[in-house]
Amino acid sequence: QLTLAESGGGLVQSGGSLRLSCVASGFRVENLSIGWFRQAPGREREGVSCISSDGKIKYVDSVKGRFTIARDVAKNTVNLQMNSLKAEDTAVYYCAADTLCSMRTGAYSYWGQGTQVTVSS
């Protein structure tokens, strides 16, 4: 069974950093695309970043230069390093897996349960 589990969320001050982890079970992270999404209260879930099986990476414009996605094959994990956090980054962050590296929620069949990130201003 293919499952994903996020961790690393928490409360941080504006300008601070967090590293989110997405641990995969039932498949190898290098064999599928992994996406990170976030959903703030009252807003639709939006794509933040994704990494394809062949290493191609995408970011939404609002996080470029601040967030970095990376695979840790040894731990079968995909991490999202988030620096220079802003209040508008506050959301529940989810990781997802499927064949395409896409910023669309509909492109992913497998989802984790999410981890809360709160940035205080």
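Because the structure is predicted, anything quoted here is derived from the model rather than measured.
Asn83 and Gln81 share a donor-acceptor pair across their side chains, judged by distance under 3.5 Å alone. Under 3.5 Å, the side chains of Asn31 and Ser53 contain no donor-acceptor pair of N or O atoms.
With values rounded to the nearest 0.5 angstrom, Lys75 atom NZ is found 7.5 Å from Ser21 atom OG. From Gln116, atom CD reaches atom CG of Leu11 across 9.5 Å, with rounding to the nearest 0.5 Å. Atom CZ of Arg66 and atom OG of Ser17 lie 10.0 Å apart (nearest 0.5 Å).
Formation of a donor-acceptor pair under 3.5 Å by the Gln39 side chain with backbone atoms of Ala91 is not found in this model. Here the side chain of Tyr108 pairs a donor or acceptor atom with the backbone of Ser102 at under 3.5 angstrom. Side chain of Asp98 to main chain of Ser109: a donor-acceptor pair is present (N/O by atom type, distance under 3.5 Å, no hydrogens or angles). A donor-acceptor pair under 3.5 Å is absent between the side-chain atoms of Asp72 and the main chain of Thr77, judged by distance alone. Thr115 contributes no side-chain N or O that, together with a main-chain N or O of Tyr93, makes up a donor-acceptor pair within less than 3.5 Å. Formation of a donor-acceptor pair under 3.5 Å by the Ser33 side chain with backbone atoms of Cys101 is found in this model. Formation of a donor-acceptor pair under 3.5 Å by the Ser49 side chain with backbone atoms of Lys58 is found in this model. Between the side chain of Glu46 and the main chain of Arg38, no donor-acceptor pair closer than 3.5 Å is present. Side-chain atoms of Arg104 never come within 3.5 Å of backbone atoms of Gly47 as a donor-acceptor pair (strictly under, hydrogens ignored).
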**Request:** Please assess Lys86 against Asp89 for the test salt bridge (charged side-chain N to carboxylate O under 4.0 Å, His left out), listing each intermediate value before the final yes or no.
**Result:** CA-CA 5 Å; Lys86 306 175 182 179; Asp89 295 317; over 6 Å; no
**Message:** Using side chain to side chain contact (heavy atoms under 4.5 Å, CB included), reason through Val92 and Arg45 one step at a time and then give a plain yes or no.
**Reply:** CA-CA 9 Å; Val92 177; Arg45 193 171 299 189; over 6 Å; no
**Request:** Report the C-alpha distance between Leu85 and Gln13 in whole Å, list the side-chain angles of each, state the deciding distance to 0.1 Å, and finish with yes or no for side chain to side chain contact (heavy atoms under 4.5 Å, CB included).
**Result:** CA-CA 8 Å; Leu85 283 162; Gln13 289 188 333; over 6 Å; no
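For Arg19, the CZ atom is loosely surrounded, since the number of other residues' heavy atoms within 6.0 Å does not exceed 12. For Tyr59, the OH atom counts as densely surrounded, since its 6.0 Å shell holds more than 12 non-hydrogen atoms of other residues, nucleotides or ligands.
Cluster annotation: Leu80 is connected to Ile57 through the hydrophobic network of ILVMFWY side chains, with a link wherever side-chain heavy atoms come within less than 4.5 Å. If you chain together hydrophobic residues whose side chains sit under 4.5 Å apart, Trp36 and Val23 never meet in one group. Clustering ILVMFWY residues whenever any of their side-chain heavy atoms sit less than 4.5 angstrom apart, transitively, puts Tyr94 in a cluster other than the one holding Val117. At a threshold of 4.5 Å between side-chain heavy atoms, the hydrophobic network of Ile, Leu, Val, Met, Phe, Trp and Tyr places Val60 and Leu100 in two separate groups.
Between Glu30 and Asn76 the shortest heavy-atom distance is OE1-OD1, 4.2 Å. Between Thr90 and Ala40, the closest heavy-atom pair is O-CB, 3.6 Å. Among all heavy-atom pairs drawn from Leu20 and Gly9, the shortest one is CD2-N, 3.6 Å.
Less than 6.0 angstrom separates the ring centroid of Trp111 from the ring centroid of Phe37.
Counting heavy atoms from C-beta on, the side chains of Val78 and Ile69 come closer than 4.5 Å. Counting heavy atoms from C-beta on, the side chains of Leu4 and Phe27 come closer than 4.5 Å.
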